[in-house]
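Below you'll find the structure, written out as structure tokens, and then a few comments.
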Amino acid sequence: MPELPEVETVRRGLERFAVGRRVEHVEVGRERVVRRTSRAALVDGLTGTTVLAAERRGKYIRCPLDSGDELMVHLRMSGQLLVARPGSTRPPHTHVVAHLSARPPGAAVHGVLGDGPVELWFVDPRTFGEMVVFDPDHVAVEVPELARLGIDPVADPFTRRELRELVRPRSRQLKALLLDQHLIAGIGNIYADEILHAARLRPDRTSDTLNPPAEARLHTAIVEVLAAAIDAGGSSLRDAQYVDLFGGAGSYQDAHRVYGRTGERCTTCGVGWVRRIVIAQRSTHYCPRCQR
DNA sequence: AAACAAACCTGTGCGC
DNA sequence: TGCGCACAGGTTTGTT
């Protein structure tokens, strides 16, 4: 369930362990992962390039390469990026392996893997995830959804004013609004529920009914919940699809107030019981007492 | 414009 | 115990 905090955790891992290395060799198993282009396009686009940076927009990872192209990775539901020592045993569903060079002399030493060569694995049982190398000058054609992405509440300036301009002119259920990547990029099902609980707003309330205090609570909740989740390294659920670059779990699941807590007493008010309903075709958890 | 449905795919966990 | 099935997650596309 990689959402913004999980993708940000992965991005930070890439910054430490991939940036500055050269891609020596690429293996692509299942071609479905590169369906937007082809196996050859990914191999040719990556081989021989050096990774210049690791960036994130919403749930999309973007890595500029010294060729002028960019690598885009989306983990979708079950994708993982992992770093490993060369020759390590690969887990099932490892669809792409990029062999990265040692770091150049003078680079800082980073963690247990040191500066020797590493492998970067893309693992994805459900194969919804994808990788593509594209020309950023043609992003609107080659990766149109990137060009249509809404504001990133962590990477972009995101004040109450930006939120107000998204919320006021529409009449959308708040849950659906938070999930709409064209408006705000990066919030998924878990964090939408947690944000609305923190803001004390019902998920089915419509956006044009918020008064200024409610709008302010929503803004604060978006910023604070995402920041706390990033600090915790994201959420790893029981079926544990999400892990960081080294296979480590996050801990924000322990801080969930409503997601996955159907039928439990609300820990915030101590009175209400967490309900599960369906909104925007997604399971939605909230406390009918706290959230209005 | 907004809501809804289906599609993509596989592992997990439930009920019988 | 074993089987079958609903379900989970993100996004696009198409329909109402």
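Below, chains carry the letters A, B, ... as their sequence lines are ordered, and counting in each starts from 1.
- Aromatic ring centroids of A:H74 and A:F128 lie 6.0 Å or more apart.
- Between A:H138 and A:F134, the gap from one ring centroid to the other reaches at least 6.0 Å.
- Mapped onto DNA chain C by nearest heavy atom, A:P144 and A:N189 fall at different nucleotides, with A:N189 at the one closer to the 5' end.
- For the P atoms, the distance linking C:dG4 with B:dC8 amounts to 22 Å, nearest Å.
- Atom CZ of A:R36 sits in a crowded spot, with more than 12 heavy atoms from other residues, nucleotides or ligands closer than 6.0 Å.
- In this model, no donor atom of one side chain and acceptor atom of the other lie less than 3.5 Å apart for A:T9 and A:D244.
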Below 3.5 Å between N/O atoms, which protein atoms pair up with nucleotides 8-10 of chain B? Just atom names and distances, please.
from   : atom 1 : to     : atom 2 : distance (Å)
B:dC9  : O4'    : A:R126 : O      : 3.3
B:dT10 : OP1    : A:R30  : NH1    : 3.0
B:dT10 : O2     : A:R126 : NE     : 3.3

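- Between A:R148 atom CZ and C:dT12 atom C1' the separation is 9 Å, expressed in whole Å.
- Qualifying ring pair (Phe, Tyr, Trp, His ring centres under 6.0 Å) partners for A:H93, counting only residues two or more places apart in sequence or in other chains: none.
- No donor-acceptor contact under 3.5 angstrom links the side chains of A:Y60 and A:Q181, judged on distance only.
- Rounded to an integer number of Å, the gap from A:R35 CZ to C:dT13 C1' is 14 Å.
- Side-chain contact check for A:H285 and A:D193: at least one donor-acceptor pair (N or O, by modelled atom type) lies under 3.5 Å.
- A straight line from CD of A:Q181 to P of C:dG10 spans 8 Å, rounded to a whole angstrom.
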Could you list, one pair per line, each protein nitrogen or oxygen that sits under 3.5 Å from a nitrogen or oxygen of nucleotides 3-7 of chain B, together with the distance?
from  : atom 1 : to     : atom 2 : distance (Å)
B:dA3 : OP2    : A:R172 : NE     : 3.2
B:dA5 : N7     : A:Q281 : OE1    : 2.3
B:dA5 : N7     : A:Q281 : NE2    : 2.9

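- Counting only residues at least two apart or on different chains, no salt bridge (charged side-chain N to carboxylate O under 4.0 Å, His left out) pair has a member in residues 282-292 of chain A.
- Regarding A:R76, its CZ atom lies at a distance of 8 Å from the C1' atom of C:dT12, rounded to whole Å.
- Regarding A:R168, its CZ atom lies at a distance of 20 Å from the P atom of B:dA1, rounded to whole Å.
- Side-chain atoms of A:T47 and A:H25 include no donor-acceptor pair closer than 3.5 Å.
- Counting to the nearest Å, the C1' atom of C:dG10 and the OH atom of A:Y191 are 15 Å from each other.
- Among the heavy atoms of the strands, none lies under 4.0 Å from A:R36.
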**Prompt:** Taking only Watson-Crick and G-U wobble pairs with both distances under 3.5 Å, what dot-bracket line describes DNA chain C, where [ ] shows pairs that cross earlier ones and | shows pairs with another strand?
**Reply:** .|||||||.|||||||

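- Heavy-atom neighbours of A:R39 CZ from other residues, nucleotides or ligands within 6.0 Å: above the threshold of 12.
- Atom name P, nucleotides C:dT1 and B:dG11: the rounded distance is 22 Å, in whole Å.
- Residue pairs meeting the salt bridge (charged side-chain N to carboxylate O under 4.0 Å, His left out) criterion with at least one partner in residues 247-261 of chain A, sequence neighbours excluded, are A:R261-A:E264.
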